[in-house]
Amino acid sequence: MLTVAVLISGTGSNLRALLEAASEPGFPARVVVVGADREADGFAHAEAFGIPSFEVPYSSFESRDAWGAELDAQLRVWSPDLVVLSGLMRLLPAAVVDAWAPRLINTHPAYLPEFPGAHGVRDALAAGVAETGASVIVVDRGVDSGPILAQERVPVLPGDTEHTLHERIKPVERRLLIDVVRRIATGDLDLASFDASDA
Ligand code: GRF
């Protein structure tokens, strides 16, 4: 049974989908802890499923590195097989990436390498593209620049706002994430083959 830690910052709808999938009989992975860099609304999903959680408030630390060191320490308490970033709106320090990659994956609401960064949906909309997408990648030291594990195109429709487009992307993200976690758990997807340590 693959053990998974999920890190969030926001509503955690992708986390919720993973918790629901993991509660299905036969799913080969389970979420053992949920962490966040703030008092995230998504903690409610962890509570609903009886999953422990921890908060490492970014604002309480002198530096990104100090914050990352505490985040790493919290993760080591649970020593998960896989760490999933699902809406964590922070760039991890290199030391944390090096400690966990390639057992460290991220979901992104764009068709990488298109539109990396914190505003992938807004940037796609502003670019006027007819389609964007969702991606699941191995985290490396860059910004959304790691090896792509899964991705799928999502249409941009006339009249889309950032919200409507993001809400169309998220279900695709969730499906890709659940499938990637399942494939990692069953060994179909061997993360050891992704060398994400270089930047
Ligand atoms: C997701 O689209 C994630 O890829 C992006 O922020 C969104 C988080 O949504 N980084 P939620 O918190 O899972 O609802």
Side-chain angles (χ1 to χ4, degrees), residues 4-23 29 31 33-49 51 53-58 64 67 71 82-92 96-97 100-101 104-127 129 131-157 160-181 184 196:
V4 180
V6 182
L7 300 182
I8 62 171
S9 293
T11 56
S13 65
N14 287 351
L15 161 67
R16 174 86 192 199
L18 187 54
L19 289 171
E20 287 170 352
S23 59
V31 178
V33 69
V34 175
D37 63 325
R38 65 196 78 176
E39 183 56 46
D41 292 346
F43 278 144
H45 302 311
E47 198 172 324
F49 281 78
I51 308 287
S53 60
F54 65 80
E55 182 190 349
V56 183
Y58 191 81
R64 181 187 302 277
W67 171 77
L71 180 68
L82 177 68
V83 179
V84 173
L85 308 185
S86 189
L88 181 73
M89 298 308 281
R90 293 280 174 209
L91 198 55
L92 295 178
V96 178
V97 174
W100 292 94
L104 175 62
I105 66 175
N106 182 31
T107 63
H108 185 72
Y111 200 85
L112 292 171
E114 300 166 4
F115 310 118
H119 304 293
V121 178
R122 182 189 311 171
D123 295 344
L125 209 53
V129 293
E131 55 180 14
T132 180
S135 304
V136 181
I137 61 170
V138 176
V139 176
D140 68 3
R141 290 185 175 190
V143 178
D144 299 322
S145 52
I148 294 170
L149 299 175
Q151 59 185 176
E152 187 174 308
R153 284 288 183 188
V154 175
V156 180
L157 300 181
D160 259 336
T161 64
E162 184 178 352
H163 176 73
T164 59
L165 178 52
H166 205 166
E167 288 309 302
R168 185 175 316 115
I169 292 169
K170 281 185 181 182
V172 177
E173 261 187 284
R174 293 169 202 152
R175 178 163 43 78
L176 294 179
L177 173 61
I178 289 163
D179 185 52
V180 164
V181 170
I184 292 168

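Start at 1 and go down the list; that is how both ligands and their atoms are numbered.
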Side chains of residues 116-126: which donor-acceptor pairs under 3.5 Å do they make with residues two or more places apart or in other chains?
{"from": "His119", "atom 1": "ND1", "to": "Arg122", "atom 2": "NH2", "distance (Å)": "3.2"}
{"from": "Arg122", "atom 1": "NE", "to": "Glu162", "atom 2": "OE1", "distance (Å)": "3.4"}

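Within the 3.5 Å criterion, the main-chain N or O of Leu112 finds a donor-acceptor partner in the side chain of Gln151.
Side-chain contact between Ile137 and Leu149 is absent, with no heavy atoms from C-beta onward closer than 4.5 Å.
For Glu173 and Arg168, the salt-bridge test fails: no basic side-chain N is under 4.0 Å from an acidic carboxylate O.
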Pairs under 3.5 Å, N/O atoms on ligand 1 and on the protein: can you put them in a table with the distances?
{"from": "ligand 1", "atom 1": "2 (O)", "to": "His166", "atom 2": "NE2", "distance (Å)": "2.6"}
{"from": "ligand 1", "atom 1": "2 (O)", "to": "Glu173", "atom 2": "OE1", "distance (Å)": "2.6"}
{"from": "ligand 1", "atom 1": "2 (O)", "to": "Glu173", "atom 2": "OE2", "distance (Å)": "3.4"}
{"from": "ligand 1", "atom 1": "4 (O)", "to": "Thr107", "atom 2": "O", "distance (Å)": "3.2"}
{"from": "ligand 1", "atom 1": "4 (O)", "to": "Thr107", "atom 2": "OG1", "distance (Å)": "3.2"}
{"from": "ligand 1", "atom 1": "4 (O)", "to": "Glu173", "atom 2": "OE2", "distance (Å)": "2.4"}
{"from": "ligand 1", "atom 1": "9 (O)", "to": "Lys170", "atom 2": "NZ", "distance (Å)": "3.3"}
{"from": "ligand 1", "atom 1": "12 (O)", "to": "Thr11", "atom 2": "N", "distance (Å)": "3.3"}
{"from": "ligand 1", "atom 1": "12 (O)", "to": "Thr11", "atom 2": "OG1", "distance (Å)": "3.3"}
{"from": "ligand 1", "atom 1": "12 (O)", "to": "Gly12", "atom 2": "N", "distance (Å)": "2.8"}
{"from": "ligand 1", "atom 1": "13 (O)", "to": "Ser13", "atom 2": "N", "distance (Å)": "3.2"}
{"from": "ligand 1", "atom 1": "13 (O)", "to": "Asn14", "atom 2": "N", "distance (Å)": "3.0"}
{"from": "ligand 1", "atom 1": "14 (O)", "to": "Thr11", "atom 2": "OG1", "distance (Å)": "2.5"}
{"from": "ligand 1", "atom 1": "14 (O)", "to": "Ser13", "atom 2": "N", "distance (Å)": "3.0"}
{"from": "ligand 1", "atom 1": "14 (O)", "to": "Ser13", "atom 2": "OG", "distance (Å)": "2.6"}
{"from": "ligand 1", "atom 1": "14 (O)", "to": "Lys170", "atom 2": "NZ", "distance (Å)": "2.8"}

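For the ring pair (Phe, Tyr, Trp, His ring centres under 6.0 Å) test, no residue two or more places apart in sequence or in another chain qualifies with Phe43. Residues satisfying the side-chain hydrogen bond (donor to acceptor under 3.5 Å, both in side chains) criterion with Glu55, sequence neighbours excluded, are absent altogether.
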